[in-house]
Amino acid sequence: MTDIFGIPSQVLLGQIVLGLINGSFYAMLSLGLAVIFGLLNIINFAHGAQYMTGAFVAWMLLNYLGINYWAALVIAPLTVGMFGMLVERFLIARLAHLDHLYGLLLTFGVALIVQGLFRNTYGSSGMAYDIPEALKGGTNLGFMFLPNYRAWVIVASISVCLLTWFVIEKTRLGSYLRAATENPALTQTFGINVPLLITLTYGFGAALAALAGVFAAPIYSVNPNMGADLIIVVFAVVVIGGMGSIMGAIITGFMLGLVEGLTKVFYPEASATVIFIIMVLVLLVKPAGIFGRPA
Amino acid sequence: MKKIGHFLAASIIFSAMSPVQGHAGDTEVKLGVLTDMSGIFSDANGKGSLVAAQMAVDDMAGQLAGFSVHVVSADHQNKPDIGAGIARKWFDEDGIDVVLDIPVSPIALAVQSIAEEKDKIVLLSSAGSSDITGKACSKNTIQWTYNTFALSNVAGRAMVERGEKAWFFITTDYAFGHALERDATAAIEAGGGKSLGHALNPIATPDFSSYLLSAQASGANVIALASSGGDMQSAVKQAAEFGIQAGGQKLLGLLFDVTDIKALGLDVTKGMLLATPFYWDRDDESRAFGQRFMKIHGRAPTMHQAGVYSATLHYLKSVAAAGTDETQAVLEKMRETPVNDMFARNGTIREDGQMIHDFYLVEVKSPSESKGEWDYYKVLSTVPGEQAFQPLGSCPRLANKG
């Protein structure tokens with residue numbers, strides 16, 4: 001077994017693959033956040049709670065209605081997306097004329113309420129959710145045993161991220177959205193329903209978070225705190241990537257997943273903080289973020 | 001003149017308000033359950049601990065003539081500063097006589113020293129570090145349910161005897177995790193085994209894949225999980241995913257509760273060996289308690305919650321026997337009297353504060369063997385208390401005697 005920098009290559013390659021898996025969660029979640037912030041200028045602290053709700057909806061669908069994972073992949077994001085739209089229409093839209101900070105506080109409050117409700121009902125030990133039959137087992141890659149489900153997560157999240165990027169940057173619908181963000185008044189005069197577009201976009205961002213939650217349900221424990229733990233890291237990822245850049249969020253998500261994975265090999269104690277160290281460095285050198293456009 | 005009068009009045013008031021050292025007895029017996037009501041330990045402890053304490057108080061109704069008994073609870077949120085703050089307020093302002101439960105060893109250690117300073121009692125059911133009755137031992141603290149030494153000794157020795165000699169630890173990076181790893185390493189080395197290394201994870205980690213990878217690469221026979229609560233569950237679940245048990249390595253959860261098995265399911269946990277001082281389905285008495293508890297709380301009692309019940313019951317019995325709730329008198333009565341209830345048979349409280357009682361080596365049933373909800377363990381053997389717990393020796397207070 002060859003050694004790279006004193007670490008067996010088996011362990012190193014394994015950690016890189018694991019880093020990619022974590023990176024896919026970071027990428028999907030930061031994508032949702034980047035969409036909502038970049039296009040709507042809303043700092044959505046409820047994102048973690050939406051991720052958690054997605055996982056719980058998947059669990060509830062299976063345990064109360066017998067609906068399996070594959071259907072949950074569609075139903076859970078739709079459900080959470082709809083709730084997201086209600087939150088946007090009836091709560092967030094009222095703060096549109098105020099400072100960003102109010103939106104942040106509101107979404108933070110919503111997150112705490114949602115988390116508290118779930119914790120009250122389901123406790124905090126976490127609920128079991130099985131990996132779907134078709135994805136059980138794994139392949140022995142030689143240097144590690146890669147569970148099929150985790151391979152699926154990487155592939156599926158890359159696809160979703162690229163699809164989202166494509167829709168926003170390359171289609172007409174995406175161009176309406178980008179125009180509505182830059183100049184809502186002018187865009188509205190063209191007959192485009194800007195408030196509806198904003199509501200739909202927020203719902204889409206929430207749905208992305210919920211989809212990530214459904215991906216996470218079989219591998220992480222479905223518990224009310226799962227979003228809170230992840231959201232801080234995801235915010236750091238978005239800040240590093242550049243708040244307004246969609247592709248930036250995707251690339252940074254995967255990159256930072258890799259960095260975290262490598263840190264776990266060489267200096268595990270720092271793995272929880274390395275992303276924040278990078279965030280501080282990026283803010284000092286290029287405050288708009290690596291891919292961000294300066295305001 | 002007026003100034004001096006004011007000054008005099010103020011100093012009289014202030015001296016009347018200062019906390020009295022040495023808690024003198026009164027007729028109000030107040031118990032405080034300090035626990036995690038909302039985080040990763042709230043299922044194994046949490047509200048259930050409060051239920052258990054209240055059950056003990058209810059069972060003693062009518063036997064404590066002249067005393068009024070109250071139970072309060074608080075959520076320390078797994079943070080030592082919050083836990084210590086609550087303990088101080090309880091002792092200084094609320095007249096709490098005894099604090100129960102306290103999961104998370106660093107919090108227990110903090111509260112232990114505050115209680116010794118203010119001469120109050122601490123009955124620990126959940127914090128497990130063996131330092132509590134070792135180098136941090138206090139005459140006012142009793143560690144009731146278990147400690148890291150007993151867990152690792154019973155489980156570790158049993159596994160090494162079955163030929164599993166090479167171990168790797170996945171340890172949560174805090175006092176309890178380190179104590180568990182330290183005690184387990186000592187136990188397996190005493191039996192001829194060897195630790196191949198460890199991977200440290202921060203508390204409340206969602207993803208154990210990289211630590212499991214290191215464990216797999218080490219080639220150990222046994223991967224011991226020196227963690228508990230939510231962390232333990234994530235590790236076990238993900239180990240199944242990465243084919244750890246399929247690859248021939250055995251998984252050992254050093255601290256496992258029935259609530260963990262409920263959350264993980266028997267499919268994932270079947271065949272796991274673990275050490276526990278209590279199982280609700282062990283015999284008729286424990287079953288009766290377990291079923292009463294389930295009616296009130298909706299879940300079977302964990303060893304911690306059962307320990308809270310037993311500790312509260314013994315404390316109240318000692319108050320009744322001593323005729324006072326003055327701290328040292330009650331502690332003396334508690335130490336004199338053997339503990340006999342559904343939790344422990346002929347348990348004794350040692351001078352270092354350890355409550356010595358039997359331990360059980362159990363195996364988790366497979367789904368087909370389990371006949372109902374919460375029917376999880378088969379008891380393989382009983383280890384007598386004297387063999388399970390650490391010998392008297394590391395408590396500095398006692399080392400200076402004789």
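Just so it is clear: chains get the letters A, B, ... in the order the sequence lines come, proteins before strands, and each one is counted from 1.
Minimum heavy-atom separation, B:Ser214 to A:Gln15: OG-NE2, 4.1 Å. When all heavy atoms of B:Phe242 and A:Pro147 are compared, the pair lying nearest together is CE2-CD, 3.7 Å.
Residues A:Arg119 and B:Met37 are not in side-chain contact: their nearest non-hydrogen atoms beyond the backbone lie 4.5 Å or more apart. Looking at heavy atoms from C-beta onward, B:Lys237 lies out of side-chain contact with A:Tyr220 at the 4.5 angstrom threshold. Counting heavy atoms from C-beta outward, B:Ser209 and A:Arg150 have side chains that approach closer than 4.5 Å.
Taken from CD1 in B:Ile244 to CZ in A:Phe145, the straight-line distance is 10.0 Å, to the nearest 0.5 Å. Rounding to the nearest 0.5 Å gives a distance of 13.0 Å between NZ of A:Lys264 and CG of B:Leu200.
Interface remark: A:Ile219 contributes backbone and side-chain atoms alike to the contact with chain B (heavy atom separation under 4.5 Å). With a 4.5 angstrom heavy-atom cutoff, A:Asn22 touches chain B only via side-chain atoms. Residue contact with chain A, scored on non-hydrogen atoms closer than 4.5 Å, involves the backbone of B:Leu264 exclusively.
For NZ of B:Lys250, the number of neighbouring non-hydrogen atoms (other residues, nucleotides, ligands) closer than 6.0 Å is 12 at most. Within a 6.0 Å radius of CZ in A:Phe83, other residues, nucleotides and ligands contribute 12 heavy atoms or fewer. The local environment of OH in B:Tyr174 is crowded, with over 12 non-hydrogen atoms from other residues, nucleotides or ligands closer than 6.0 Å.
Interface summary for chain A: among B:Ser210, B:Pro202, B:Ala199, the most heavy-atom pairs under 4.5 angstrom belong to B:Ser210.
Classification of B:Glu241 and A:Lys136 as a salt-bridged pair fails, no side-chain N sitting under 4.0 Å from a carboxylate O.
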